[in-house]
2 protein chains.
Amino acid sequence: MLFQKLVFELLVPIYTKSFILYTNEDILCKGANSLSISSRFSVGIHILSLLEINKGGVSSSDFIAKSVNTNPVVIRKIIGMLKNAGLVNVRPGIAGAEPARDLSEITLLDVYKAVNVVQEKALFSVHESPNPACLVGRNIQDTIGPLFSEAQLAMEKSLGNVTVEDVVKDILKRES
Amino acid sequence: MLFQKLVFELLVPIYTKSFILYTNEDILCKGANSLSISSRFSVGIHILSLLEINKGGVSSSDFIAKSVNTNPVVIRKIIGMLKNAGLVNVRPGIAGAEPARDLSEITLLDVYKAVNVVQEKALFSVHESPNPACLVGRNIQDTIGPLFSEAQLAMEKSLGNVTVEDVVKDILKRES
DNA sequence: TTTCATTGTAACTAATTTGATTACATGTAA
DNA sequence: TTACATGTAATCAAATTAGTTACAATGAAA
Ligand code: FES
Ligand code: FES
């Protein structure tokens, strides 16, 4: 254990100096980068749309994975979350999933909440432990919190205005 | 070079097996986790508020860092972004930063854009390379894109309705 | 002009999250 | 029983965040 730790500490510098090589493209990426909400959300919407459009056939995780172009385990995990939220029916051992209710009664907000991409009131993070001896520091969190919540709710309200049925209709419309 | 790579590949398994140990708390964290937008945003708002409230004195990166409770380099990086966006004035070698315009003319959306926490039309990520042989796969991106953009814009519009002056006033109000 | 404080940056790190993958246990039906 | 599907744990590489050290460049004051 101790030997391994010592060897590790000796080797890591070799690793970092030898193999973390930066190309010109890397260097172009200056400054801070930015976030995106997990594609679990878009994949979740996709799965539900596909279940509808493939209603005649059997939508196994393998079948869905080929459409989404990912690994079946990724699909099963997301379907598990959709099931947990009461949006789909699946049973162990039995191939295929189905929507648990009519797609006109499932909004994008339902999917968004099901796949847990953003916690309530936590889309924006606020720096922790500001200085309580500072007038700004001891008030900034309480001041910013409601403003951030409102912005997040505005985004979520927008998602609540669209159903998965709308998505399916738009897909079919684009196809013709 | 080749030798180092070989040694590295031999050592890494030892490292991962020996030192990545999970506790009970780790195991409790099941399912998928979620994202938050970088606290650069809240720190940026804080900095501007502090510049206003400390208008009599000199707001060096050291001074601000003590209020925010972080490292001065973090502050300088964020101030650099605010400067780039034309929101503050700073000069190398000269202590202190100042707002570049009246705080009533700086919205939270200006700060949000300055600190680059979210790219345009990229708050939500959409899974890449879905199967073009699938009816859903070849249309989902075009269908979802505008819906996601609209939700993002709703959030950003909400941020545009609040100025940093509003934030400063609320801080002062809470203090009395 | 020398000295010193401050800003501007590059480089590195530990922690966290994502998406993918392997492996295997569990469940269902032919 | 065999074959196949779902459920789930464990591992991994890549990306991002927030923090840190180190140091160059700038400007003000002694
Ligand atoms: S610590 Fe964030 S406001 Fe001063
Ligand atoms: S819709 Fe995402 S790939 Fe079929």
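Note that the coordinates shown come from a computational prediction; the quantities given were computed from them, not determined experimentally. Numbers restart at 1 for each chain; the letters A, B, ... are given by sequence-line order, proteins then strands.
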Look at A/S39 and C/dG19 and indicate whether a side-chain polar atom (N or O) is within less than 4.0 Å of OP1 or OP2. yes

Whole-Å distance, A/H127 NE2 to D/dG19 C1', equals 15 Å

Under the rule for side-chain contact (heavy atoms from CB on, under 4.5 Å), what residues qualify as partners of A/R91, not counting sequence neighbours? A/I94

For A/K173, check salt bridge (Lys or Arg N to Asp or Glu O under 4.0 Å) against everything at least two apart and list the hits. none

Could I get the full list of side-chain hydrogen bond (donor to acceptor under 3.5 Å, both in side chains) partners for B/T70, not counting sequence neighbours? none

Please state how far atom CG in A/D62 lies from atom C1' in C/dT21, giving the value in whole angstrom units. 14 Å

Roughly how many Å is it from NZ in B/K77 to P in C/dA10, rounded to a whole number? 10 Å

Just by distance, no angles: are the side chains of A/T143 and B/D170 close enough, under 3.5 Å, to form a donor-acceptor pair? yes

Side-chain N or O of A/T70 less than 4.0 angstrom from OP1 or OP2 on C/dG19? no

Among residues at least two apart in sequence or on other chains, which ones pass side-chain hydrogen bond (donor to acceptor under 3.5 Å, both in side chains) with B/D102? B/S104

Rounded to whole angstrom units, what separation is found between the CZ atom of A/R40 and the C1' atom of C/dT18? 8 Å

Partner set under side-chain contact (heavy atoms from CB on, under 4.5 Å) for A/L109, not counting sequence neighbours: A/T107, A/Y112, A/K113, A/E156, A/L159

Counting side-chain heavy atoms from C-beta on, which of C/dA20, C/dT6, C/dG8 comes nearest to B/S60? C/dT6

Just by distance, with hydrogens left out, do A/D166 and A/T163 show a side-chain donor and acceptor under 3.5 Å apart? yes

When the distance from CG of B/N71 to C1' of C/dA11 is rounded to whole Å, what number comes out? 14 Å

Where along nucleotides 23-30 of chain C does protein come under 4.0 Å, by heavy atom, of base (B) or sugar-phosphate alone (S), with - for untouched nucleotides? B---BS--

note: B/E98, atom CD; C/dT7, atom C1'; distance rounded to Å ~ 15 Å

Integer-rounded Å distance: C/dG8 P and B/N84 CG: 10 Å

When rounded to whole Å, the CD1 to P distance for the pair B/I75 and D/dT17 reads 16 Å

